[in-house]
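Whatever order the structure lists them in is the order used to number ligands and atoms, beginning at 1.
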Amino acid sequence: MRIEAFDATQHDRKEFESGNAKLDEYLQRHLSQGVKKGIVQAYVAVDDNGKVLGYYTLSAAHILHDDFPESVAKKLPRYPVPAALLGRMATDLKARQSGLHIGSKLLIHAMKQTLKAGSTLGVACIVVDAKPEAVGFYRRFEFLPLKQEDGLRLYLSVDTIRKMQR
Ligand SMILES: CC(C)(COP(=O)(O)OP(=O)(O)OC[C@H]1O[C@@H](n2cnc3c(N)ncnc32)[C@H](O)[C@@H]1OP(=O)(O)O)[C@@H](O)C(=O)NCCC(=O)NCCS
């Protein structure tokens, strides 16, 4: 299994099934346009035949100052904080049985890409609007809730990613 930038001409995604039909349809029908238009950048985990086992997207975003928990907000300037949005992420149901921990590997890859982006422009966090059933997955990686009432918008600071890498 390897992780690489999505290439609509190379990556076979016909049979991808994550258990979430919208995420499957996005990969199969809409992702290539999003990449072409520069709205998202996408990365896929693929097997030796180029079959997609998982994917995620990243885009530029920001987090409003007042959305951070008070203890964090008071240490930040009072304007929006630049972030990388993990817009979509899913792994194939069958591939999940493989024990390869594809979701974890993709998420760690996304963290590294966020650090990389931060070397060319300001990026302070990675943020995700988690599906309710996936909150536990992100919390395992130290993602923390922002102040949204539903508790589904989670973030991880670049500082924390750097500490995790040490
Ligand atoms: C969420 C998702 C991407 C995780 O991918 P995955 O390939 O199952 O992840 P991994 O195998 O690396 O799992 C790592 C660990 O997290 C756990 N985990 C996986 N999904 C979890 C979840 N939804 N909640 C809590 N823990 C979860 C695994 O059990 C595993 O634990 P272990 O190390 O003790 O075995 C995948 O389940 C998925 O595609 N779900 C459907 C779509 C979805 O909800 N996407 C998220 C959109 S925000």
Side-chain angles (χ1 to χ4, degrees), residues 1-8 11-35 39-64 67-69 81-115 117 123-158 160-161 163-166:
M1 196 268 293
R2 59 185 195 277
I3 297 177
E4 58 196 25
F6 173 70
D7 179 343
H11 296 139
D12 174 9
R13 50 211 187 274
K14 292 190 295 291
E15 288 169 21
F16 184 85
E17 204 184 327
S18 68
N20 179 314
K22 284 194 176 151
L23 290 170
D24 302 348
E25 190 186 340
Y26 181 79
L27 170 69
Q28 287 154 351
R29 300 183 52 186
H30 307 296
L31 177 60
S32 62
Q33 279 303 312
V35 172
I39 292 161
V40 294
Q41 183 53 276
Y43 297 89
V44 289
V46 291
D47 68 12
D48 292 343
N49 301 315
K51 188 173 165 190
V52 176
L53 308 176
Y55 80 101
Y56 75 86
T57 65
L58 277 186
S59 312
H62 66 259
I63 303 174
L64 296 177
D67 286 350
F68 284 97
V81 169
L85 173 70
L86 185 65
R88 290 180 173 84
M89 166 146 177
T91 58
D92 182 79
L93 281 169
K94 280 196 210 112
R96 261 179 243 166
Q97 317 300 324
S98 64
L100 285 171
H101 289 298
I102 297 164
S104 301
K105 285 177 182 146
L106 285 169
L107 188 56
I108 290 165
H109 192 272
M111 292 179 200
K112 289 184 178 161
Q113 292 304 101
T114 300
L115 284 186
V123 180
C125 299
I126 181 165
V127 60
V128 61
D129 291 307
K131 306 267 179 259
E133 61 277 16
V135 168
F137 173 71
Y138 294 107
R139 295 300 302 259
R140 295 169 72 102
F141 288 87
E142 299 188 35
F143 276 72
L144 297 169
L146 289 162
K147 278 210 294 201
Q148 266 73 16
E149 276 167 28
D150 59 10
L152 297 177
R153 182 152 248 232
L154 309 174
Y155 80 101
L156 182 69
S157 75
V158 158
T160 306
I161 300 175
K163 282 180 196 143
M164 286 162 81
Q165 283 204 319
R166 280 180 208 144

Is_contact(atom 29 (O) of ligand 1), protein non-hydrogen, under 4.0 Å:
no
So, for atom 22 (C) of ligand 1, does the protein have a heavy atom nearer than 4.0 Å?
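There is a protein heavy atom less than 4.0 Å from atom 22 (C) of ligand 1.
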Give the atoms of ligand 1, by number and element, whose distance to some non-hydrogen atom of [X] is under 4.0 Å.
{"X": "Ala90", "result": "39 (O)"}
{"X": "Ala134", "result": "23 (N), 44 (O), 46 (C)"}
{"X": "Gly103", "result": "5 (O), 6 (P), 7 (O), 9 (O), 12 (O)"}
{"X": "Lys131", "result": "44 (O), 47 (C), 48 (S)"}
{"X": "Gly136", "result": "24 (N), 25 (C)"}
{"X": "Thr91", "result": "5 (O), 6 (P), 7 (O), 36 (C), 38 (C), 39 (O)"}

So between Lys105, Arg139, Arg96, whose heavy atom ends up nearest atom 38 (C) of ligand 1?
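It is Arg96 whose heavy atom sits nearest to atom 38 (C) of ligand 1.
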Measure across [X] and [Y] and return the closest heavy-atom pair with its distance rounded to 0.1 Å.
{"X": "Ala130", "Y": "Leu154", "answer": "CB-CD1, 4.0 Å"}
{"X": "Tyr155", "Y": "Pro145", "answer": "CE2-O, 4.1 Å"}
{"X": "Gln28", "Y": "Phe16", "answer": "NE2-O, 3.2 Å"}
{"X": "Cys125", "Y": "Thr114", "answer": "O-CG2, 4.1 Å"}
{"X": "Leu31", "Y": "Ala42", "answer": "CD1-CB, 3.6 Å"}

Which residue and heavy atom of the protein sit nearest [atom], plus the separation:
{"atom": "atom 45 (N) of ligand 1", "value": "Met89 O, 2.8 Å"}
{"atom": "atom 11 (O) of ligand 1", "value": "His101 ND1, 3.2 Å"}
{"atom": "atom 42 (C) of ligand 1", "value": "Leu23 CD1, 3.5 Å"}
{"atom": "atom 18 (N) of ligand 1", "value": "Phe137 CD1, 4.0 Å"}
{"atom": "atom 31 (O) of ligand 1", "value": "Arg140 NH2, 3.1 Å"}

Looking only at distance, does [X] have an N or O less than 3.5 Å from an N or O of ligand 1?
{"X": "Glu133", "answer": "yes"}
{"X": "Tyr138", "answer": "no"}
{"X": "Ser104", "answer": "yes"}
{"X": "Val128", "answer": "no"}
{"X": "Ala130", "answer": "no"}

Do the non-hydrogen side-chain atoms of Arg153 and Val128 ever get within less than 4.5 Å of each other?
no
For the residue pair Val44 and Asp7, establish whether any side-chain heavy-atom pair is separated by less than 4.5 Å.
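They are not in side-chain contact.
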Looking at ligand 1, would Ser18 count as a contact under a 4.0 Å heavy-atom criterion?
yes
Would you indicate whether Asp48, at its atom CG, is surrounded by more than 12 heavy atoms from other residues, nucleotides or ligands within a distance under 6.0 Å?
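Incorrect, the count does not exceed 12.
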Above 12 or not: heavy atoms from other molecules or residues under 6.0 Å from NZ of Lys147?
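Yes, enclosed.
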Test side-chain contact (heavy atoms from CB on, under 4.5 Å) applied to Leu58 and Leu85, Val40, Leu86, the passing residue:
Leu86
Ionic contact status for Lys131 with Glu133, cut-off 4.0 Å
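No.
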For the atom pair CG (Leu156) and CE (Met111), what is the distance rounded to the nearest 0.5 Å?
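Spacing of CG (Leu156) from CE (Met111) equals 5.5 Å.
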